[in-house]
Amino acid sequence: MRYTQVIITLLIYCCTFPLSASAAVWISQWRAPDPQSGVRLESVLAMVFDPQRERIYVADGLAGKLHAFDLDGQHLSDFDAGGDLGTPVSITLQRTGRFWFVDRKANALVRLVPEEQRLERFPFSLTGAEAMLPEKVVWHPEAGLMVLDRLSGNVLALDDNLNVRGRYGSNCIDVVSAAGKLWILQADASVVQVDPSDASESKGKRIALQYDLKRPSALERSPQGQLFIADRGLCQVLVFSPAGRHLYSIGARGNRLGRFSAPRQILFLDSAQGSGALAVLDEVNRCVDLFRR
Amino acid sequence: MMYRNIRCSRWKILLAVVALVLFPACVSLALNCVQCHDSIHFKGTYEHEPVARNRCDSCHSLHASRHAGLLQQSEAQLCNGCHAEVTEAWSKSSYTHSPVHKGECTSCHAPHASAFKGLLKDQQKEVCAACHTSLSATQGKQHAPFKKGQCASCHAVHGSEHQGLLRSEDSKLCLGCHKTNSAWQQRHNGRKAQGMNCLECHHPHASTKKALLRPLQHKPFAAGNCSACHTGSSADGRCLSCHSQVLPQFQRVHTHLQGKGASNCTACHSPHVSSQVGLLKGIAGSVCRDCHADKLERRKQALYVHPQANHCSDCHAGHGSDEPYMLRGGMAGACESCHGEHSTFTHPIGDDVLDPRTGTPMDCISCHAPCTGTMFEHNLRGGRERGLCLPCHPGY
């Protein structure tokens with residue numbers, strides 16, 4: 001009788017362990033910058049991953065600097081373009097190695113061509129019919145430059161002259177480019193999947209997130225198709241299935257390693273060494289935390 | 001038969017004995033109390049039921065108590081003992097009247113007797129005006145229920161699902177008395193009454209303006225120049241084309257533009273009339289609540305809340321800020337504007353003092369949580385005896 005009980009207990013444990021473990025496998029690896037390194041960031045507002053160089057670039061908005069970290073979280077260098085970087089609040093990387101920034105103070109898009117050490121600034125107006133306040137910039141491999149406009153709440157597809165050629169979503173909070181598509185987080189707790197290279201598609205497919213989100217702030221899509229949502233109100237990263245079912249959450253409110261105060265951006269590091277790692281940028285803790293499975 | 005008579009008379013005797021024993025006990029209890037406590041305080045048109053039954057000991061301990069007034073329990077617990085249905089009703093409501101939330105029932109109710117229904121301390125208008133002092137200063141034409149002091153005809157006095165403790169959604173509430181007709185529709189540009197936010201334009205108590213319109217008016221509205229704004233192009237762009245002085249405030253790291261298309265500005269500001277400076281739709285706290293209800297919910301659970309917590313704009317910038325949480329002047333700066341004297345004796349803060357937990361500079365909110373409040377005095381994040389300090393100073 002006792003042996004039967006032990007066997008049943010073991011069976012139940014073996015069946016349920018993978019379920020419970022799936023929520024706990026994200027382990028915080030490091031925090032950048034390391035408090036001991038002496039490097040301090042004033043306002044951590046955006047990051048981008050360069051898979052060629054295997055570097056994470058973090059934009060310090062108020063200082064107008066771009067900091068480079070390696071995949072171990074070590075600070076490599078910083079760059080301020082002679083004080084001309086402005087106030088970068090978003091950053092994206094073109095396949096050609098060119099960076100695009102949103103400079104909030106100038107309300108402009110800025111293109112950085114590193115090999116030519118050249119900066120080009122494209123300002124927008126806040127009044128009139130063409131009014132726009134870019135919040136985030138994203139590079140889509142086929143459709144080109146995308147901008148999240150805080151004024152209209154739309155994601156705007158821009159042509160080569162930076163004129164608006166398409167609008168997607170409504171009340172948009174964040175946008176990412178993944179698997180050849182655009183993924184747009186909306187304020188109504190949904191993610192809209194759009195193919196911007198298809199001119200006939202403007203509405204896209206809506207995925208309702210089955211969770212009571214408080215203040216969603218960022219979106220990322222994993223290579224496996226799961227949707228990762230950062231929530232500033234809950235101070236967590238919530239993971240959803242491709243259909244929008246809540247699977248599990250990462251982190252909790254706090255300022256120690258692996259905890260969040262104001263998660264602002266999430267990023268999957270898609271490279272040979274970085275593959276599968278998840279970086280979370282926290283504005284109030286002024287850091288990037290890296291998690292691995 | 002005789003046996004039956006004996007049994008019947010036994011019952012009568014027993015009842016008589018019980019009555020003889022209990023009646024003097026009740027009487028003596030009341031008599032004992034009123035020997036010292038003037039009975040005039042316990043008489044009125046409406047008497048609290050235990051008082052009417054001379055059961056002073058229902059609420060009071062006769063010898064000693066840890067509660068003021070020799071109450072058996074705290075005021076809230078005591079009232080809840082019999083009036084649990086009231087507690088149950090308000091505890092489920094989204095908005096609670098402040099004295100109810102604090103368990104201060106006697107702020108409005110007389111516990112013994114009163115000349116007013118519901119054991120109110122005074123006439124309803126006077127009871128309300130005792131705290132809502134600004135209402136007595138209202139000028140101009142008065143709304144009929146307000147004039148008659150019938151506050152409860154519009155407000156649910158304990159708790160409500162609607163802001164301002166209104167009994168129902170404002171258009172529904174207003175349409176209970178105000179009928180719509182063709183003249184009404186003409187005045188409201190043909191709009192339907194259902195779902196309209198009447199209180200956005202009309203003052204519910206009194207106003208010097210016609211039709212109880214709120215006193216501060218948007219210039220084009222006051223001039224009857226509707227087409228200045230209603231042109232059909234982007235609403236926010238149109239606002240900003242006149243109010244260009246706020247443009248730099250939106251070009252901050254954090255902007256309050258929420259990407260709500262045409263309704264960014266009108267989410268907080270009324271395009272027509274308002275009682276608040278800046279044509280805000282309500283006082284700062286209530287306007288903010290529309291989107292930040294979760295913050296106020298957390299505050300509700302806290303024991304210690306910053307006294308100015310509802311004056312959001314004292315610390316937060318309304319349009320934009322370079323600081324997290326849209327603070328005015330940084331983490332420490334927002335606090336220093338009022339608590340400047342603390343800089344001379346505070347725990348070291350600033351860029352040179354790093355929080356060992358995060359490596360970020362220490363500031364006021366490293367130890368205090370003024371916005372949501374906490375369970376500790378001075379809105380501290382932990383107990384002063386150990387919980388607050390040990391995470392950074394484990395050696396002590």
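To find a chain, count down the sequence lines: A is the first, B the second, and so on, and within it residues start at 1. Just so we're clear, the structure is a prediction, and the values are computed from it rather than from any experiment.
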**Request:** Say whether, by atom type as modelled, one donor and one acceptor occur between the side chain of A:Asp289 and the main chain of A:Val280 under 3.5 angstrom.
**Result:**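 No, the answer is negative, given that no donor and acceptor are paired below the 3.5 Å cut-off.
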**Message:** Given 3.5 Å as the limit, does a donor-acceptor pair link the side chain of A:Arg150 with the main chain of B:Thr255, or not?
**Reply:** yes
Under a 4.5 Å heavy-atom cut-off, does chain A meet the side chain of [X], its backbone, both or neither?
| X | value |
| --- | --- |
| B:Leu247 | both |
| B:Pro356 | neither |
| B:Arg298 | side chain |

**Asked** By a 4.5 Å heavy-atom criterion (distance strictly below it), what part of A:Ala106 contacts chain B: side chain, backbone, both, or neither?
**Response**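 Interface part for A:Ala106: backbone (N, CA, C, O).
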**Prompt:** What part of A:Arg40 lies closer than 4.5 angstrom to a heavy atom of chain B: side chain, backbone, both or neither?
**Reply:** side chain
**Request:** Run the salt-bridge test on A:Lys65 and A:Glu42 with the 4.0 Å N-O cut-off and return the result as yes or no.
**Result:** no
**Asked** What residue in A:Leu62, A:Asp34, A:Thr87, A:Val89 has the most heavy-atom pairs under 4.5 Å with chain B?
**Response** A:Leu62
**Request:** Would you mind telling me which of A:Glu135, A:Arg286, A:Lys105, A:Arg259 has the largest number of heavy-atom pairs within less than 4.5 Å of chain B?
**Result:** A:Lys105
**Complete:** With A:Val155 as partner, the option from A:Val138, A:Asp149, A:Ile184, A:Val194 fulfilling side chain to side chain contact (heavy atoms under 4.5 Å, CB included) is A:Ile184
**Message:** Looking only at side-chain N and O atoms, does B:Thr266 offer a donor or acceptor that is under 3.5 Å from a partner on B:Asn264?
**Reply:** no
**Asked** Considering only heavy atoms from C-beta outward, does the side chain of B:Arg328 approach that of B:Ser313 to under 4.5 Å?
**Response**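 Yes, at least one pair of side-chain atoms sits under 4.5 Å.
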